[in-house]
Q: 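This is the structure I have questions about; it appears just below.
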Amino acid sequence: FIQRYVDVDFTQVAAIDARGFLVGSIIAYALNKPLILVRKKDKLPPPTLHQDFSMEYGHTSLEVQEGCCGPGDRIVLFDDLIATGHTVLAASKMLRESGGRILEAAAIIDLPDLQGSTLVQDSEIPVFALCAFEGH
């Protein structure tokens with residue numbers, strides 16, 4: 001990931017709770033970029049932006065700190081896995097509402113049979129994954 005983004009013109013790294021923090025924090029540190037934490041509900045101090053969404057096993061919520069980004073910010077969004085794509089879409093919606101632009105959603109693993117990466121790409125967010133596992 002570091003080699004992929006070292007020459008990319010972006011302003012912030014966003015990382016999705018909790019395993020996305022493992023990758024996102026390392027990238028932010030290595031490339032000297034601010035880190036935006038996309039957390040589960042009620043884990044950040046107010047004021048926050050809030051987004052409810054459905055996952056393959058139920059409903060949940062994510063939050064970001066209000067003012068975490070703004071117009072002109074270019075963000076790379078990290079998670080460990082892209083399955084249905086709903087987590088990435090929920091995070092990107094809040095970041096976009098704050099004025100940020102998502103340059104790419106990156107993950108360690110993509111599960112293409114669940115169509116999540118396609119759903120994310122259909123929302124005009126490029127997707128990069130280190131590996132993909134097809135099949136059930």
Side-chain angles (χ1 to χ4, degrees):
F1 284 129
I2 292 169
Q3 294 203 353
R4 179 173 181 83
Y5 298 110
V6 70
D7 293 324
V8 173
D9 182 22
F10 70 102
T11 58
Q12 292 164 297
V13 170
I16 298 174
D17 200 340
R19 292 179 298 253
F21 295 170
L22 298 172
V23 176
S25 62
I26 292 168
I27 303 304
Y29 178 80
L31 299 179
N32 197 30
K33 302 290 184 182
L35 178 63
I36 299 169
L37 298 178
V38 181
R39 299 289 321 258
K40 293 177 178 116
K41 186 178 179 187
D42 297 326
K43 299 292 183 182
L44 291 169
T48 60
L49 297 176
H50 176 88
Q51 184 65 45
D52 295 318
F53 66 102
S54 296
M55 298 176 65
E56 59 273 21
Y57 49 83
H59 299 283
T60 192
S61 301
L62 289 176
E63 295 181 334
V64 295
Q65 198 72 47
E66 225 176 74
C68 64
C69 62
D73 284 329
R74 297 169 313 281
I75 302 163
V76 179
L77 177 60
F78 285 91
D79 204 355
D80 64 324
L81 173 77
I82 297 177
T84 64
H86 295 131
T87 305
V88 169
L89 290 174
S92 66
K93 182 174 182 184
M94 291 183 292
L95 295 168
R96 285 173 166 171
E97 285 176 5
S98 294
R101 180 175 153 231
I102 311 302
L103 293 183
E104 189 164 72
I108 298 169
I109 300 168
D110 180 24
L111 301 176
D113 289 350
L114 297 179
Q115 301 294 308
S117 54
T118 301
L119 186 65
V120 172
Q121 290 169 358
D122 288 347
S123 73
E124 300 181 1
I125 299 172
V127 172
F128 174 75
L130 294 178
C131 59
F133 292 104
E134 295 182 10
H136 299 283

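Excluded from the calculations below are hydrogen atoms, water molecules and symmetry mates; all remaining heavy atoms, backbone and side chain alike, are included.
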Q: Report yes or no: do Phe10 and Val64 belong to one cluster of Ile/Leu/Val/Met/Phe/Trp/Tyr joined by side chain heavy-atom distances under 4.5 Å?
A: no

Q: Ser54: which residues meet the side chain to side chain donor-acceptor pair (under 3.5 Å) condition with it, sequence neighbours left out?
A: His59

Q: Which heavy atom in Leu114 sits nearest to a heavy atom in Ala83, and how many Å separate them?
A: CB-O, 3.4 Å

Q: Are more than 12 heavy atoms, taken from residues, nucleotides or ligands other than Lys93, located less than 6.0 Å from that residue's NZ atom?
A: no

Q: With Gln51, which residues qualify under side chain to side chain donor-acceptor pair (under 3.5 Å), at least two apart?
A: none

Q: Please enumerate all residues that pass ring pair (Phe, Tyr, Trp, His ring centres under 6.0 Å) together with Phe21, with sequence neighbours excluded.
A: none

Q: Let me see the working for Arg101 and Arg74 under side chain to side chain contact (heavy atoms under 4.5 Å, CB included), right down to the final yes or no.
A: CA-CA 5 Å; Arg101 180 175 153 231; Arg74 297 169 313 281; 4.2 Å; yes

Q: Heavy atoms, side chains only, cut-off 4.5 Å: are Leu89 and Phe53 in contact?
A: no

Q: Indicate, with yes or no, if Val23 and Val76 share a hydrophobic cluster defined by side-chain heavy-atom contacts under 4.5 Å among Ile, Leu, Val, Met, Phe, Trp and Tyr.
A: yes

Q: State, with a plain yes or no, whether a side-chain heavy atom of Cys68 is found less than 4.5 Å away from one of Leu95.
A: yes

Q: Drop me the distance from Asp113's CG to Thr118's OG1, to the nearest 0.5 angstrom.
A: 10.0 Å

Q: Can you tell me how far apart CG (Leu22) and CG (Asp79) are? Round to the nearest 0.5 Å.
A: 10.0 Å

Q: Looking only at heavy atoms, which two atoms of Ala15 and Gly24 are closest? And how far apart?
A: CB-CA, 4.0 Å

Q: Show, in sequence, the C-alpha distance, side-chain angles and deciding distance for Leu130 and Phe128, and conclude whether the side chain to side chain contact (heavy atoms under 4.5 Å, CB included) test is met.
A: CA-CA 7 Å; Leu130 294 178; Phe128 174 75; 3.7 Å; yes

Q: Just to verify, what does Ser92 make a side chain to side chain donor-acceptor pair (under 3.5 Å) with, not counting sequence neighbours?
A: none

Q: CE of Met94 to CD of Gln65: how many Å apart, nearest 0.5 Å?
A: 11.5 Å

Q: Name each donor-acceptor pair under 3.5 Å that joins a side chain in residues 36-50 to protein atoms two or more places apart or in another chain, with its distance.
A:
residue, atom, partner, partner atom, Å
Arg39, NE, Asp17, OD2, 2.9
His50, ND1, Glu63, OE2, 3.3
His50, NE2, Asp52, OD1, 2.8

Q: Only one of Ile75, Ile27, Leu77 clears side chain to side chain contact (heavy atoms under 4.5 Å, CB included) with Val13; which?
A: Ile27

Q: When you measure from the side chain of Ser98 to the backbone of Gly67, do you find a donor-acceptor pair of N or O atoms at a distance under 3.5 Å?
A: no

Q: Can you tell me how far apart CG (Leu111) and CG (Leu81) are? Round to the nearest 0.5 Å.
A: 4.5 Å

Q: Do Ile125 and Arg96 come within less than 4.5 Å of each other through their side chains, counting heavy atoms only?
A: yes

Q: Within the 4.5 Å heavy-atom criterion, are Ile109 and Asp80 side-chain neighbours or not?
A: no

Q: Would you say the side chain of Tyr5 lies within less than 4.5 Å of the side chain of Glu104, judging by non-hydrogen atoms?
A: yes

Q: What are the two closest non-hydrogen atoms of Asp110 and Ala129, and how far apart are they?
A: CB-CB, 3.7 Å

Q: Just so I know, are the side chains of Ile108 and Phe1 near enough to count as touching, which here means a heavy-atom distance under 4.5 Å?
A: yes

Q: Could you state whether Tyr29 and Leu31 fall into the same hydrophobic cluster, counting links through intermediate Ile, Leu, Val, Met, Phe, Trp or Tyr residues with side-chain heavy atoms under 4.5 angstrom apart?
A: no

Q: Suppose we screen for side chain to side chain donor-acceptor pair (under 3.5 Å). Which residues come up paired with Thr84, at least two apart in sequence or across chains?
A: His86

Q: Hey, does Ile16 have a side-chain heavy atom less than 4.5 Å from the side chain of Phe78?
A: no

Q: Heavy atoms only: give me the nearest Ile2-Ala30 pair and the separation to one decimal.
A: CD1-CB, 3.6 Å

